[in-house]
Amino acid sequence: MKLVFATNNRHKLDEVRAIVGDRVEVLSLKDIDCYDDIPETAETLQGNALIKARYIYEKYGVDCFADDTGLEVEALDGAPGVYSARYAGEECDPEANMQKLLHNLTEKNNRNAQFRTVIALIINGEEKLFDGVVKGVITTEKRGESGFGYDPIFVPEGYSESFAQMSGEMKNGISHRFRATQQLANYLKENYG
């Protein structure tokens with residue numbers, strides 16, 4: 001089975017391919033010669049995932065899935081949430097995003113947060129949503145060199161290392177993207193063998 005993942009983010013692609021294994025051939029947008037900038041204009045993670053999946057399905061006629069991920073911080077009323085990638089501005093600079101978040105939490109005692117990934121799947125015109133969450137806390141400073149995005153400042157519940165201090169294999173086994181992708185993989189296995 002082939003599915004297009006509506007992304008050109010190498011990190012996300014590698015993570016998802018590692019999770020689904022050889023059950024599904026996961027293609028990128030580049031693999032179908034799609035270089036369009038798909039606008040993410042929804043106010044929710046679900047909405048953005050659906051916008052991207054519908055765009056690819058309608059324009060290219062291929063079964064596909066798309067995701068949107070956000071970091072939701074309790075003390076900031078769920079921010080940055082749907083704006084996680086562009087929290088510090090449209091240039092989507094991960095370092096600037098982390099610094100802004102750490103600055104906004106300076107006076108806050110509650111550092112509880114959660115990463116959420118929503119995956120929208122479209123097969124034969126039918127839409128399904130999968131939601132993965134991992135709870136944790138925001139550190140006071142960056143820790144670790146691997147991972148991407150907010151990984152250096154997020155420590156998942158039950159662990160002492162940030163996502164950026166973990167091996168890719170360890171992070172992939174517990175992450176929000178893993179949880180949503182696992183639901184996707186299970187659904188595909190149950191319904192499409």
Side-chain angles (χ1 to χ4, degrees), residues 1-34 36 38-72 78 81-82 84-85 113-136 146-151 154-159 163 166-193:
M1 173 178 225
K2 290 184 182 183
L3 277 179
V4 174
F5 182 9
T7 190
N8 277 318
N9 181 318
R10 190 87 225 156
H11 296 292
K12 284 185 181 183
L13 204 54
D14 289 345
E15 263 186 32
V16 167
R17 283 178 173 158
I19 294 163
V20 297
D22 56 9
R23 286 177 280 193
V24 177
E25 185 182 347
V26 179
L27 305 173
S28 69
L29 291 177
K30 185 178 169 188
D31 293 329
I32 61 165
D33 292 324
C34 175
D36 303 358
I38 305 168
E40 297 180 39
T41 54
E43 295 293 315
T44 64
L45 299 174
Q46 295 94 319
N48 280 338
L50 281 166
I51 286 172
K52 291 185 280 188
R54 287 171 180 159
Y55 183 91
I56 296 305
Y57 187 79
E58 288 163 14
K59 183 167 182 181
Y60 294 88
V62 292
D63 292 337
C64 61
F65 65 98
D67 80 325
D68 200 20
T69 295
L71 177 63
E72 301 168 340
V82 74
S84 293
Q114 66 180 21
F115 264 122
R116 251 182 90 215
T117 292
V118 176
I119 293 177
L121 169 70
I122 304 179
I123 293 183
N124 303 324
E126 191 180 333
E127 298 178 354
K128 290 279 179 204
L129 291 171
F130 307 95
D131 201 334
V133 174
V134 65
K135 294 183 179 300
S146 63
F148 61 101
Y150 295 92
D151 286 357
F154 182 83
V155 175
E157 211 170 64
Y159 294 83
F163 270 167
M166 295 179 173
S167 68
E169 194 176 295
M170 186 175 185
K171 178 194 167 191
N172 282 352
I174 62 168
S175 78
H176 45 293
R177 189 166 292 108
F178 169 79
R179 292 174 180 180
T181 304
Q182 196 64 56
Q183 291 173 39
L184 167 69
N186 291 342
Y187 174 81
L188 293 172
K189 188 177 176 185
E190 289 166 16
N191 293 278
Y192 298 95

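For clarity, every value in this text was computed on a predicted model and none was experimentally measured.
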Before you tell me yes or no, could you show the steps for Asp67 and Phe130 under side-chain contact (heavy atoms from CB on, under 4.5 Å), namely the whole-Å CA-CA distance, both residues' side-chain angles and the distance that decides it to 0.1 Å?
CA-CA 9 Å; Asp67 80 325; Phe130 307 95; over 6 Å; no
Taking the side chain as every heavy atom from C-beta outward, state whether Lys171 and Ser146 have any pair of such atoms under 4.5 Å apart.
no
Side-chain polar contacts of residues 3-11 - donor-acceptor pairs under 3.5 angstrom, sequence neighbours left out - could you list them?
{"residue": "Thr7", "atom": "OG1", "partner": "Asn9", "partner atom": "N", "Å": "2.9"}
{"residue": "Asn8", "atom": "OD1", "partner": "Lys30", "partner atom": "N", "Å": "3.0"}
{"residue": "Asn9", "atom": "OD1", "partner": "His11", "partner atom": "N", "Å": "2.9"}
{"residue": "Asn9", "atom": "OD1", "partner": "Lys12", "partner atom": "N", "Å": "3.0"}
{"residue": "Arg10", "atom": "NH2", "partner": "Asp14", "partner atom": "OD1", "Å": "3.3"}

Contact between Arg177 and Val16 at the side-chain level, heavy atoms closer than 4.5 Å - yes or no?
yes
So do Val134 and Phe163 actually touch side chain to side chain, heavy atoms under 4.5 Å?
yes
Could you tell me how the ring of His176 sits relative to the ring of Phe115: parallel (under 30°), tilted (30 to 60°) or perpendicular (over 60°)?
parallel
Could you tell me if the side chain of Thr117 sits less than 4.5 Å from the side chain of Arg179, heavy atoms only?
no
Could you check Asp63 against Tyr57 for side-chain contact (heavy atoms from CB on, under 4.5 Å), going step by step and ending with a plain yes or no?
CA-CA 6 Å; Asp63 292 337; Tyr57 187 79; 3.7 Å; yes
Between CG of Leu45 and OG of Ser84, what distance do you get to the nearest 0.5 Å?
7.5 Å
Sequence neighbours excluded, every pair satisfying salt bridge (Lys or Arg N to Asp or Glu O under 4.0 Å) that has a member inside residues 41-53:
Glu40-Lys52
Go through the steps for Lys59 and Asp36 under the test side-chain contact (heavy atoms from CB on, under 4.5 Å), then give the verdict.
CA-CA 11 Å; Lys59 183 167 182 181; Asp36 303 358; 2.6 Å; yes
Would Ile123 and Leu188 satisfy side-chain contact (heavy atoms from CB on, under 4.5 Å), going step by step from the backbone distance to the final call?
CA-CA 10 Å; Ile123 293 183; Leu188 293 172; 3.5 Å; yes
